[in-house]
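Following: one structure in C-alpha cells, then a few remarks.
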There are 2 protein chains.
Amino acid sequence: MDAVRPFDVLDPACPSRSVLRHLTDRWTPLVVGVLAPGPARFGEIRDQVGGVTAKVLTQTLRSMERDGLVDRRALPTMPPRVDYELTPLGRTLVGPLDALRSWAERHAGEVLGARASYDAQDGAPG
Amino acid sequence: MDAVRPFDVLDPACPSRSVLRHLTDRWTPLVVGVLAPGPARFGEIRDQVGGVTAKVLTQTLRSMERDGLVDRRALPTMPPRVDYELTPLGRTLVGPLDALRSWAERHAGEVLGARASYDAQDGAPG
DNA sequence: GTAACTGAGTACCTCAAGGTAACCTTCAAG
DNA sequence: CTTGAAGGTTACCTTGAGGTACTCAGTTAC
C-alpha cells in the first residue's frame, strides 16, 4: 500500500526535506561510512574521518543519535571510553550513502575533467 | 584492476571529498530528481523544486553544468527558453540520489519519532 | 510607452554550519 | 602537584551558502 505518500522532499514544508538535508550534511555520510563495518570509538572515528574537529564530530554524532541513526554507549572507565554503533535504522542508510560515496570516488576524475574543460572554454576566449 | 584507488572521501585533501560535498548540497539532489524523467525548462524546475529562488537555482544549474552533470540548451526564442537535461554522467547519479531521497521520505516518520523520544527523555527529567 | 514574460546578473545582507581555543573530568605516572 | 589520556563542553569567531531586491534583454500585447 504505497498509495498514500505523505512525505515529499520537493515540498519545502515536508519534514522529509529536513531529514534529507541532515543526511547530506558535511560529516554524516562520512561517519556512516566509518561506522558501517561495526562499532567504533570516538577517537577512531575522529582519526578516520580526516579533517573533522572533535567539537563538530560530537555535534554530528549527537544529532545522529537524536535521529535514531547511531547508538552511543559511554563506558564508565577511566579515561572514558565511548562506543558508537549504527542502529538498525542507521544501517539501512549504509547502502544509499555508500552508493553516493563510491559515486564520488569513481567519478571524481570525470567531474574534474568536465570542470577543467568548462573553465577552459568559458573563461579563456573573452 | 581496482587495485589502485586514487580517490578517498575520508581524505580531506582528496577531490572526491569536494565532489561528494557538491552532490549533497541543498538543491542538487532535488534538481537531479526533477530532471531524472527527462529534460525540463528553467521555470518548470523552479516550480517543482519548492522553495528555491531563481538566483540559487541558476547557481546550482551552472555548477552542475560545469561539473558535467547537466546539459544546458538556450533557445534563442523570445521570450527566452532554456532547457536543462541530465548528461550521461548526470544520469548515473539518479540511482544513488533517488535512493537517498526515497530513504528520507520512507523513514522521515521514524526519524521524527526518534527525535521526539530523544528530546522527551533528555530534556524533561532534569 | 508600458506592462508582461523568461532567464538571468549583481549588490547586499543574514544566518547557521563549521572552526579555534580554552577548559573540564578522573585516574595513573612521575 | 603537574602532566597526560579520552571525550567531551563552552564561548567566540569566520565563512560562505543561500535569500532579497533590483535591474536587464527582447519581443508581443494593449
Side-chain angles (χ1 to χ4, degrees), chain A residues 9-10 12-13 17-31 34-35 39-67 70-85 118 122-123 126, chain B residues 9-10 12-13 17-31 34-35 39-67 70-85 118 122-123 126:
Chain A
V9 293
L10 292 181
R17 168 82 65 101
S18 64
V19 169
L20 177 61
R21 247 204 123 172
H22 183 195
L23 310 178
T24 59
D25 73 3
R26 182 159 191 179
W27 303 109
T28 299
L30 303 179
V31 169
V34 166
L35 290 181
R41 301 182 53 181
F42 182 86
E44 293 171 344
I45 304 172
R46 189 194 50 218
D47 292 346
Q48 286 190 58
V49 179
V52 72
T53 64
K55 179 199 137 188
V56 173
L57 182 56
T58 298
Q59 285 177 350
T60 302
L61 288 166
R62 232 11 88 75
S63 87
M64 290 175 72
E65 188 194 0
R66 186 167 104 103
D67 285 358
V70 303
D71 195 29
R72 177 180 188 272
R73 222 162 312 158
L75 286 299
T77 60
M78 202 50 64
R81 171 193 177 105
V82 184
D83 284 305
Y84 291 92
E85 186 174 10
Y118 181 94
D122 199 48
Chain B
V9 291
L10 293 180
R17 168 80 65 101
S18 64
V19 169
L20 177 61
R21 245 204 125 170
H22 183 194
L23 310 179
T24 58
D25 72 4
R26 181 160 191 179
W27 303 108
T28 299
L30 303 178
V31 169
V34 166
L35 290 180
R41 300 183 52 181
F42 182 86
E44 294 171 345
I45 304 173
R46 190 194 49 217
D47 292 344
Q48 286 190 55
V49 178
V52 73
T53 63
K55 179 200 138 187
V56 171
L57 182 57
T58 298
Q59 287 178 350
T60 302
L61 289 166
R62 234 8 90 75
S63 86
M64 290 174 74
E65 187 194 2
R66 185 167 104 102
D67 285 358
V70 302
D71 195 28
R72 177 179 187 273
R73 224 163 310 161
L75 286 299
T77 60
M78 199 53 61
R81 174 194 173 103
V82 185
D83 284 306
Y84 291 92
E85 185 176 10
Y118 181 95
D122 199 49

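Every chain is numbered from 1 and lettered A, B, ... according to where its sequence line falls, protein lines coming before strand lines. In this text, all values refer to a predicted model and were calculated from it rather than measured experimentally.
Residue order along DNA chain C, read from the 5' end via each residue's closest nucleotide, puts A:Thr53 first among A:Thr53 and A:Pro80. Where B:Arg41 and B:Gln59 each meet DNA chain C at their nearest nucleotide, the meeting point lying more 5' is that of B:Arg41. Mapping B:Trp27 and B:Pro79 onto DNA chain D by nearest heavy atom places B:Trp27 at the nucleotide closer to the 5' end.
Using a 4.5 Å cut-off on side-chain heavy atoms (C-beta onward), B:Ile45 and B:Leu57 make contact.
Here the side chain of A:Arg72 is nearest to one of C:dG18, D:dT9, D:dG7, namely D:dG7. Nearest to the side-chain atoms of A:Arg26 among the listed nucleotides C:dG19, C:dA8, D:dG8 stands C:dG19. Listed nucleotides C:dC12, D:dG8, C:dT20 differ in distance to B:Lys55; the shortest reach to its side chain belongs to C:dC12.
Taking CZ of B:Arg21 as the start and OG1 of B:Thr28 as the end, the distance is 12.0 Å to the nearest 0.5 Å. Interatomic distance, B:Asp47 CG to A:Leu10 CG, rounded to the nearest 0.5 Å: 12.0 Å. Distance check: B:Thr58 OG1 to B:Phe42 CZ gives 3.5 Å after rounding to the nearest 0.5 Å.
Here the C1' atom of nucleotide D:dG8 and the CG atom of A:Asp83 are 15 Å apart, to the nearest Å. We find that CG of B:Leu75 is positioned 16 Å from C1' of D:dT27, with the value rounded to whole Å. With rounding to whole Å, B:Glu65 atom CD is found 15 Å from C:dG7 atom P. One can place NE2 of A:His22 at 12 Å from C1' of C:dA17, the figure rounded to the nearest angstrom. Look at CG on A:Asp25: it is 21 Å from P on D:dT15, rounded to the nearest Å. Atom CZ in B:Arg17 sits roughly 13 Å away from atom C1' in C:dG18 (whole-Å rounding). Distance OH (B:Tyr84) to C1' (C:dG7): 7 Å, rounded to an integer number of Å. The nearest whole Å value for the distance from the CD1 atom in B:Ile45 to the C1' atom in C:dT6 is 13 Å.
Using a 4.0 Å heavy-atom distance criterion, B:Arg46 is classed as making no nucleic acid contact. Counting non-hydrogen atoms under 4.0 angstrom, A:Arg21 reaches nothing in the nucleic acid.
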Please evaluate residues A:Arg73 and A:Asp71 with respect to the criterion side chain to side chain contact (heavy atoms under 4.5 Å, CB included), reporting the C-alpha separation (whole Å), side-chain torsions for both, the decisive distance (0.1 Å), and the verdict.
CA-CA 7 Å; A:Arg73 222 162 312 158; A:Asp71 195 29; 3.2 Å; yes
